[in-house]
Enquirer: 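Have a look at the structure that comes next, please.
Lettering follows sequence order; numbering is per chain, from 1. Note: hydrogens, waters and symmetry copies are ignored here, and every other heavy atom, side chains too, is used.
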Amino acid sequence: MDKVMRLASENGLVLFSKSSCCLCYAVKILFQEIRVTPTVHELDQDPEGREMESALSRLGYSPPVPAVFIGGKLVGSTNEVMSLHLSGGLIPLLKPNHSMLN
Amino acid sequence: MLFFSSSLYISMYCLLPDFKLSNAYNFNLTCTKAASIISSRSMDFPSTLFVPSRTMGTYEPIHQIGLWGENFKSIGSPNISPSVIFDVANKLENESETTSHELLAPSSKYDQEASKPFDKIQRRLAQNREAARKSRLRKKAYVQQLENSRLKLIQLEQELERARQQCLYAGGAIEVGHLGISGALNSGITAFEMEYERWMEEQNKQICDLRSALNAQISDIELHILVESGMSHYLELFRMKSSVAKADVFYVMSGTWKTSAERFFSWIGGFRPSELLKVLVPQIDPLTDHQILEVCNLKQSCQQAEDALSQGMEKLRETVSATLASGQMGQGTYLPQVAMAMEKLEALVNFVNQADHLRKETLQQMSYILTTRQAARGLLALGEYIQRLQALSTVWANRPHGPAKLTVENVR
């Protein structure tokens, strides 16, 4: 959990993902579409991936990935990101905090 | 199990209209004699166990058996139980004329050639009995099968009729060909289809209410209630879909419960949110500048979210395909690949849920942007659009072979 929180509190947009997860891929595409670049941590490519995954599941999202943090704060999983985007709240949230704009 | 079939055969002939009672006595004699021979040779076989059946439709009524039974009693047959009950359920029609005639023959032979050895007659009787017994069993099985099929057919016809009635009543054009038939295999699907029928009825009713309300210029407060009902009605549909997606996600993906034209426009198990907006927005003019901007932003976000999900779906297809195609082909083995693909496929449920979530969010965002009256017009437009799609499906299905003609007959 420590590693997760440490990584998550890095500034900007942080995405916990798995390279095999297609829903994570969809979220990545969405960020591409709105021209933001998240910091992506692929759990299946991280030596501590297992622990990180169980830490993320304790956050209450099933499946545990994708998990999105903005400015150190948990936004949620795909549902929350989509809702936020449709309500027009995603981009303003990213503007002061974005890591990189294409 | 040994039947006293000879008595049976003869009893049948007692029942034929042209049978003379005078002959009954001779036959009885034969029967009794045959019976005593048989029973003396096989003491451990039970005596007559026949059940009269109600299906002896083509024959004389039962009292004639009784009569014959009386005759039996009068000769005081020791070996045949007075309570003669016949199992003629599936046997009567099957008895061949020749078989019975062969049995009749022994009686006359009996009279004329008393010296003929009983063995020969015995054997023939036994053979006949065996053949008849086999025939009866086959016939019974066949009739049972027919009965089952008949019941199933009646059931299906009733379902079809019910569905048609709903269809006509609702004024929609739900194709009934697929309803309820494949669903029987999966109770989650059956439950959903039944719920969806009711949902559609309610939907059409709400459309009518909205139409009359908007024409009647009712107050915003009352209109708000209708809008809220409409919104929660859609939420109900998404809840239903979520439930059936757990049971069978492919069912939701294929949109089986919808009409063909609706399916044509289907995107991950439902309508495409951006298309929804394209249909709605022209119907809710005029919009304020602020509203136009918000709707524009919503359209864009919608499109982006759709693209993201579509590409995710494409990735899922590639992954499943690659998994299935992995390893050596040509050996006829596939279990490991199928098992791996199964795991990948579980993500499909998530995609369907995400797509429905997007649809839900789109509707809700629109309801925030629009005034009550605009929202009412929007819901009405959406409902009518779906009805048009359903009508299109019906007309298409009923089109004559040639250019489609829109006549009153083929638009229900």
Side-chain angles (χ1 to χ4, degrees), chain A residues 13 15-38 40 42-45 49-50 53 56-57 59-68 70 75-95 98 101-102, chain B residues 238 242 246 268 273-274 276-277 290-291 293-323 340-341 343-369:
Chain A
L13 180 60
L15 168 67
F16 292 96
S17 154
K18 273 195 204 163
S19 55
S20 57
C21 169
C22 295
L23 212 51
C24 299
Y25 180 77
V27 172
K28 287 174 201 162
I29 297 290
L30 180 63
F31 289 139
Q32 254 180 48
E33 300 248 343
I34 60 179
R35 300 180 204 269
V36 286
T37 308
V40 182
E42 305 280 9
L43 297 186
D44 52 342
Q45 289 165 0
R50 275 269 188 83
E53 189 176 338
L56 284 169
S57 9
L59 293 174
Y61 297 105
S62 181
V65 288
V68 175
I70 298 179
V75 171
S77 189
T78 328
N79 262 6
E80 288 72 32
V81 173
M82 295 286 180
S83 303
L84 199 55
H85 188 47
L86 257 65
S87 64
L90 185 61
I91 293 181
L93 208 55
L94 289 167
K95 266 194 183 149
H98 62 262
L101 260 183
N102 289 353
Chain B
F238 295 131
S242 165
K246 289 197 195 95
I268 314 185
S274 55
L276 170 88
L277 292 176
H290 180 67
Q291 282 180 324
L293 182 64
E294 292 211 288
V295 168
C296 207
N297 287 336
L298 181 62
K299 265 190 188 167
Q300 192 179 37
S301 318
C302 229
Q303 193 64 60
Q304 288 164 342
E306 269 174 46
D307 285 347
L309 284 182
S310 295
Q311 290 193 47
M313 276 290 286
E314 197 46 49
K315 177 115 196 291
L316 182 60
R317 281 194 198 98
E318 282 170 22
T319 311
V320 172
S321 175
T323 307
M340 285 194 292
E343 275 183 46
K344 309 277 178 198
L345 215 47
E346 280 169 21
L348 192 55
V349 181
N350 293 334
F351 271 97
V352 170
N353 288 337
Q354 276 311 304
D356 271 353
H357 178 76
L358 203 62
R359 290 181 260 266
K360 205 184 345 169
E361 282 298 307
T362 306
L363 283 173
Q364 273 181 334
Q365 285 303 316
M366 280 302 273
S367 74
Y368 299 151
I369 296 171

Enquirer: For the residue pair Gln311(B) and Tyr25(A), what are the closest heavy atoms and their distance?
Expert: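 Gln311(B) and Tyr25(A) have their closest heavy atoms at O-CE2, 3.7 Å.
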Enquirer: CG of Leu316(B) to OG of Ser20(A): how many Å apart, nearest 0.5 Å?
Expert: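 One finds 11.0 Å between CG of Leu316(B) and OG of Ser20(A).
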Enquirer: Which residue in the set Leu30(A), Leu86(A), Leu90(A) passes side-chain contact (heavy atoms from CB on, under 4.5 Å) when paired with Gln304(B)?
Expert: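 Of the listed residues Leu30(A), Leu86(A), Leu90(A), the side-chain contact (heavy atoms from CB on, under 4.5 Å) partner of Gln304(B) is Leu30(A).
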Enquirer: Can you tell which of Pro63(A), Gly88(A), Ser62(A), Ser87(A) has the highest number of heavy-atom pairs within less than 4.5 Å of chain B?
Expert: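 Of the options given, most contacts go to Ser87(A).
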Enquirer: NZ of Lys28(A): more than 12 outside heavy atoms within 6.0 angstrom?
Expert: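 Result for NZ/Lys28(A): enclosed.
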Enquirer: Which residues in residues 343-355 of chain B have any heavy atom closer than 4.5 Å to a heavy atom of chain A?
Expert: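 Contacts with chain A: Asn350(B), Phe351(B), Gln354(B).
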Enquirer: Heavy-atom distance under 4.5 Å to chain A: side chain of Gln365(B), backbone, both or neither?
Expert: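 For Gln365(B), side-chain heavy atoms alone lie under 4.5 Å from chain A.
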Enquirer: Taking Asp307(B), Ile369(B), Thr362(B) one by one, which has the highest count of heavy-atom pairs under 4.5 Å against chain A?
Expert: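 Max contact count across the listed options: Asp307(B).
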Enquirer: Could you measure the distance from the CD1 atom of Ile91(A) to the OG atom of Ser301(B)? Nearest 0.5 Å is fine.
Expert: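 Nearest 0.5 Å value for the CD1-OG distance: 6.5 Å.
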Enquirer: In terms of heavy-atom pairs under 4.5 Å with chain A, which of Gln303(B), Glu361(B), His357(B) leads?
Expert: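 Top count of heavy-atom pairs under 4.5 Å with chain A: His357(B).
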Enquirer: Suppose we screen for salt bridge (charged side-chain N to carboxylate O under 4.0 Å, His left out). Which residues come up paired with Arg317(B), at least two apart in sequence or across chains?
Expert: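 By the salt bridge (charged side-chain N to carboxylate O under 4.0 Å, His left out) rule, Arg317(B) matches Glu314(B).
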Enquirer: Determine the minimum heavy-atom distance between Ala308(B) and Ala26(A), stating which atoms define it.
Expert: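 Shortest heavy-atom separation between Ala308(B) and Ala26(A) comes out as CB-O, 3.1 Å.
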